[in-house]
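Single-structure report; data block below.
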Amino acid sequence: MQVFDLGSSGPINGLISARDAGLVACQRCGQVHPLQTRYCTRCDGPLQSRDTESLQKVWAWLIAGMIAYIPANIYPMLLTSTLVERSESTIIGGVIELFDHGSWGIATIVFAASVLIPVGKFIAIMYLAISVQRQSAANRHERHKAYEVVEFIGRWSMIDVFVVAILSALVQLDTIATVNPGIAAVSFALSVIFTMLSAQAFDSRLIWDADRMQQ
């Protein structure tokens, strides 16, 4: 029985890569085909041994996400109007208010989802892209795990947007009280979407190719 390492581009501990064996794996369903096959016979998805434009797309989406994240923190996320006053809450301002009211658990969740996770994703994607560009041979397994973590947590980055959408739908009492999303909600949603696209554009197989070029 022949064993293949589908991620790398050369022998590792006696194994050979799928590319060296003349094979290519479908990124959608995992079906393995001869290298010259253009479309998957199982899911009809396009087959490509490596995405040669991966890093360009990663940087383009990442920069767009970082730009959108700036107004998401400067402008108000939530606009609240009552009979006596009108208030605007930014992300950090909302976290501070929650702490002041004793809602430490909710404030921590909002801070993690709105600040720690987005910034962490920016740093992680930049680290992965730069390490591939520099053909780094260090920590290839850890880098691949970091990429999987970035992809996994991407779906949980929309908590703020979901909260604003729910409040806007429920609290509409005409002149008594209304809650509307601010421009920061749209900017934050765009930032999350762009960052997710950046992570999806990253071809994790390049991690192993960069490592192999150093051996």
Side chains of [X] and [Y], heavy atoms from C-beta outward: is any pair under 4.5 Å?
X    : Y    : result
I130 : W59  : yes
K57  : F202 : no
D203 : V132 : no

From [X] [atom1] over to [Y] [atom2], what is the distance, rounded to the nearest 0.5 angstrom?
X    : Y    : atom1 : atom2 : value
L62  : L55  : CG    : CG    : 11.5 Å
K121 : E151 : NZ    : CD    : 10.0 Å
R143 : H141 : CZ    : NE2   : 10.5 Å

Determine whether [X] and [Y] fall in the same hydrophobic cluster, where Ile, Leu, Val, Met, Phe, Trp and Tyr are linked whenever their side-chain heavy atoms lie under 4.5 Å apart.
X   : Y    : value
I63 : V150 : no
I67 : M126 : no
V32 : Y39  : no

Grab the two heavy atoms, one from [X] and one from [Y], that are nearest each other, plus how far apart they are.
X    : Y    : value
A113 : F188 : O-CZ, 3.9 Å
V58  : S198 : O-OG, 2.9 Å
A72  : S187 : N-CB, 3.7 Å
P71  : A184 : O-CB, 3.9 Å

(request) Compute the centroid of each ring, for F99 and then for F111, and state whether the two points are separated by less than 6.0 Å. (result) no
Show me the side-chain donor-acceptor pairs of residues 189-197 shorter than 3.5 Å, one per line, residues at least two apart or across chains.
residue: S191; atom: OG; partner: G65; partner atom: O; Å: 2.9
residue: T195; atom: OG1; partner: S191; partner atom: O; Å: 2.7

(request) Supply the members, apart from Y75, of the Ile/Leu/Val/Met/Phe/Trp/Tyr cluster built from side-chain contacts under 4.5 Å; use none for a lone residue. (result) I70, I74, I183
